Amino acid sequence: MSINYLVTGITAAVVASGVYIASRTPSSKAKKAGAKLPPGPNNWLLGAVLTFPQHHWYETFTQWQKDFGDLVYIDLSVAGVNMLIVNSLEIAEELAGKRKIYSNRPHTTLINDLMYSNWAVVMLQDGPLLHEQRRILHKCVGPLASSEHDHLIREHVASFIQTISGKTVDPFEALADGIGPIITILSYGENFDRDHGEELRKIGLENIELVGTTFTKFWAVDLLPILQYVPTWFPGAEFRRIGARSTGMGKRLRFEPLAYIDNALGKGNADRSLTTTLLQDQSSTKENIRDAITTMNSGNGIQTASSITNLFYCMAMYPECQKLVHKELDGLVGKGVIPSFAEIQRLPYLNAVWKESLRFKAPVPLGIPHVVSEEDVWNGLYIPKGCILQCNIGFMMRDPRIWGEDSVLFKPDRFLGPNSKDLPDPTTITFGFGRRICPGRFFANRVALQFVAATLASFTVLPGQGVDISELVFEGSVQRPVNFRCRFEPRHGS
Ligand code: HEM
């Protein structure tokens with residue numbers, strides 16, 4: 001073969017692969033579909049690699065809403081992913097809410113495989129396994145089941161009130177300590193909680209924090225999955241060490257409680273819990289029951305504790321609103337009386353304060369990402385298959401087009417006027433969309449309202465000494481004020 005043939009052959013191959021790659025880029029696919037990609041901070045060579053934030057995604061995504069509008073396309077092809085930020089509630093409800101193809105989750109080598117979280121409900125792809133495990137969760141903490149847990153909630157509310165009375169504390173820690181055991185006891189029973197509850201919650205918290213910080217960074221192993229096989233001691237293989245640590249914790253969370261219950265059932269001394277009931281009813285396979293309940297536990301109630309912390313922050317920040325809650329409680333329930341859930345439902349102002357605090361400081365401002373399983377076109381805009389959908393719930397909850405020009409103000413009254421029925425309901429929207437909406441939302445709302453009502457019936461919530469509340473900043477993928485301490489001043493003596 002002459003050198004000329006060889007050069008011509010190589011050139012043809014390079015041109016052909018160039019044409020093949022070009023025809024497979026999202027923009028060429030968009031053209032083929034008669035649509036265009038949504039706008040975004042992308043440059044033609046590196047996409048959004050240089051503009052994508054290292055931290056504080058929420059703030060940057062919200063700025064990009066101003067620059068690019070309701071749908072922002074982030075081209076991170078160099079890092080192997082593309083992202084679509086949805087800044088409009090209406091579009092999120094249409095895409096993530098109604099279209100089935102928006103219900104997958106991202107799969108990354110580090111989080112799913114190396115960190116051993118592939119089995120958790122929150123990571124499952126849409127399909128029969130997800131539906132079965134969500135069905136189990138519905139049986140445990142759906143609207144009907146949640147009402148059966150009130151006796152346990154009330155017990156823990158009462159000891160929470162005793163613990164914080166007259167004290168200055170970090171409210172998040174006190175609430176996490178109050179709510180975490182409710183979920184462990186419901187899931188695995190009093191005996192397990194007594195023997196292992198505290199340790200399990202400590203591991204769960206560490207693991208969830210590790211997953212949270214890992215998620216907001218790009219990792220070489222996600223680009224080159226073969227790197228997962230380098231040994232843990234290899235220089236620069238931090239991802240392997242994170243993976244090993246998380247796997248150790250994940251295995252304990254997933255298997256130890258069930259082994260404990262199996263043992264107790266074998267000996268005939270198992271106490272009441274959701275796991276024993278589900279196992280005895282044979283309402284699903286043992287593996288599905290285990291994984292659904294483990295997922296429920298691994299959250300540790302931290303989203304609920306953060307949401308209540310945010311409400312306490314609002315009360316300390318806006319004492320005039322707190323006074324109105326006190327007045328309503330004293331008038332309709334009685335001074336110092338801790339209301340039942342049925343009574344709480346008849347307290348319009350308290351419910352408005354809860355909704356407004358969820359709106360004002362959405363607990364999970366970017367939700368949990370969904371992934372599009374098929375290419376799609378919305379309003380002439382092309383959404384590629386595999387694109388990660390980030391619903392900017394935090395912005396939606398402050399969008400002046402929905403809430404008016406006073407959207408940045410804390411104003412519970414907006415949920416009381418004659419037009420309030422037209423407003424979206426934060427007790428639903430802050431919990432996500434469509435087939436992936438939070439299955440724990442009924443339980444979370446019920447727990448939160450009971451902790452809040454009891455606290456405000458008993459105390460005035462004040463900023464702790466030395467805390468300048470107007471200076472506090474909110475952080476975290478489940479956001480809450482950093483370094484917030486508050487004082488719970490008894491209102492009725494004692
Ligand atoms: C105020 C408290 C809570 C908030 C704000 C919250 C919020 C959320 C959000 C935004 C999502 C993502 C939804 C989506 O992808 O569209 C989610 C998912 C989830 N939440 Fe919650 N949540 C809370 C409490 C709970 C509780 C108490 C439980 C369990 C008892 C729970 C269990 C789950 C599970 C299992 C998922 C994953 C669902 C799936 O991927 O299909 N959450 N939550």
Side-chain angles (χ1 to χ4, degrees), residues 58 86 89 92-93 95-99 102-106 117-127 129-143 145-146 149 153 172 175-176 179-180 182-187 204 208 211 274 288 291-311 354-355 357-359 361-371 388-394 396-397 425-452 476-480:
Y58 168 65
V86 183
L89 176 59
E93 284 184 327
L95 300 183
K98 294 194 188 131
R99 298 189 187 183
Y102 287 81
S103 309
N104 271 352
R105 292 288 193 209
S117 45
N118 227 3
W119 54 269
V121 177
V122 62
M123 306 305 271
L124 294 177
Q125 301 307 340
D126 192 11
L129 193 61
L130 174 74
H131 297 169
E132 176 57 10
Q133 297 198 10
R134 286 186 62 105
R135 188 186 67 82
I136 296 171
L137 289 176
H138 192 77
K139 272 189 125 179
C140 296
V141 286
S146 291
H149 307 325
I153 299 171
F172 172 77
L175 285 160
I179 296 168
I182 302 179
I183 301 180
T184 317
I185 293 171
L186 278 178
S187 304
I208 213 168
V211 173
L274 289 169
N288 280 335
D291 290 349
I293 301 260
T294 309
T295 305
M296 178 167 113
N297 259 274
S298 48
N300 262 317
I302 68 156
Q303 307 95 324
T304 315
S306 294
S307 312
I308 306 173
T309 302
N310 297 349
L311 183 142
W354 171 233
K355 283 184 184 171
S357 70
L358 284 172
R359 186 199 72 81
K361 292 290 178 192
V364 196
L366 291 178
I368 299 178
H370 292 211
V371 163
I388 296 176
L389 205 77
Q390 287 280 356
C391 293
N392 190 350
I393 299 176
M396 295 169 199
M397 292 296 102
D425 182 355
T427 63
T428 304
I429 286 152
T430 49
F431 290 85
F433 301 95
R435 296 157 82 90
R436 302 312 291 245
I437 192 170
C438 173
R441 64 196 184 283
F442 306 100
F443 181 68
N445 275 303
R446 210 168 170 110
V447 169
L449 277 166
Q450 295 189 62
F451 272 80
V452 165
S477 50
V478 182
Q479 66 165 339
R480 62 175 197 271

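As the structure is a prediction and not an experimental result, all values here were calculated from the model. First listed ligand is number 1; within each ligand, the first listed atom is number 1. Nothing fancy with the numbering, it's 1 onward along the sequence. Computation of the quantities below employed the complete heavy-atom set of this structure, encompassing side-chain atoms and omitting hydrogens, waters and symmetry-equivalent molecules.
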Handout entry: Cation-pi geometry met for Arg480 and Phe172 (6.0 Å, 45°)
Key = yes

Practice task
Evaluate the criterion side chain to side chain contact (heavy atoms under 4.5 Å, CB included) for residue pair Lys361 and Ser306; output intermediate values, then yes/no.
Solution key: CA-CA 10 Å; Lys361 292 290 178 192; Ser306 294; over 6 Å; no

Practice task
Assess whether side chain to side chain contact (heavy atoms under 4.5 Å, CB included) is satisfied between Asn288 and Arg135, documenting all intermediate values.
Solution key: CA-CA 10 Å; Asn288 280 335; Arg135 188 186 67 82; over 6 Å; no

Handout entry: Arg134: numbered ligand 1 atoms lying under 4.0 Å from its heavy atoms
Key = 38 (C), 39 (C), 41 (O)

Exercise for the section: Go through the steps to decide whether Val364 and Thr430 satisfy the test side chain to side chain contact (heavy atoms under 4.5 Å, CB included), and finish with yes or no. Expected result: CA-CA 7 Å; Val364 196; Thr430 49; over 6 Å; no

Practice task
Scan side-chain atoms only and decide if Thr427 and Asn445 contain a donor-acceptor pair under the 3.5 Å cut-off.
Solution key: no

Handout entry: Arg105 N/O to ligand 1 N/O under 3.5 Å
Key = yes

Handout entry: Contact check, side chains of Cys140 and Ile293, non-hydrogen atoms, under 4.5 Å
Key = yes

Completion exercise
Ranked by distance from atom 16 (O) of ligand 1, the top protein heavy atom is His370 NE2, 2.8 Å

Problem - Element-labelled atoms of ligand 1 that are located less than 4.0 Å from some non-hydrogen atom of Val121 - result: 40 (O)

Practice task
Looking only at distances, please establish whether an N/O atom of ligand 1 is found under 3.5 Å from an N/O atom of Leu137.
Solution key: no

Exercise for the section: Check whether any side-chain heavy atom of Met296 sits under 4.5 Å from a side-chain heavy atom of Ile183, and report yes or no. Expected result: yes

Practice task
Classify the contact between Leu124 and ligand 1 as side chain, backbone, both or neither, using a heavy-atom distance cut-off of under 4.0 Å.
Solution key: neither

Handout entry: For Thr304, atoms of ligand 1 separated by under 4.0 Å from a heavy atom
Key = 1 (C), 2 (C), 27 (C)

Fill in the blank from the handout: Counting only protein N/O/S atoms, those under 2.8 Å from atom 21 (Fe) of ligand 1 total 1

Exercise for the section: Within a distance under 4.0 Å of any heavy atom of Pro363, pick out the atoms of ligand 1 and give their elements. Expected result: 5 (C)

Fill in the blank from the handout: Note: Gln479 and Ala362 closest approach over all heavy atoms is NE2-O, 2.8 Å

Handout entry: Leu389 vs Val371, side chain to side chain contact (heavy atoms under 4.5 Å, CB included): CA-CA, chis, key distance, verdict
Key = CA-CA 6 Å; Leu389 205 77; Val371 163; over 6 Å; no

Problem - Heavy-atom nearest option to atom 29 (C) of ligand 1, drawn from Met123, Met296, Arg435 - result: Met296

Problem - Phe433 side chain reached by Leu89 side chain, heavy atoms, under 4.5 Å - result: yes

Problem - Top protein contact for atom 1 (C) of ligand 1, by heavy-atom distance - result: Ser307 OG, 3.1 Å

Exercise for the section: Apply salt bridge (charged side-chain N to carboxylate O under 4.0 Å, His left out) to Arg359 and list each qualifying residue two or more places apart in sequence or on a separate chain. Expected result: Glu356

Fill in the blank from the handout: Of all protein heavy atoms, the one nearest atom 13 (C) of ligand 1 is Arg436 O, 3.2 Å

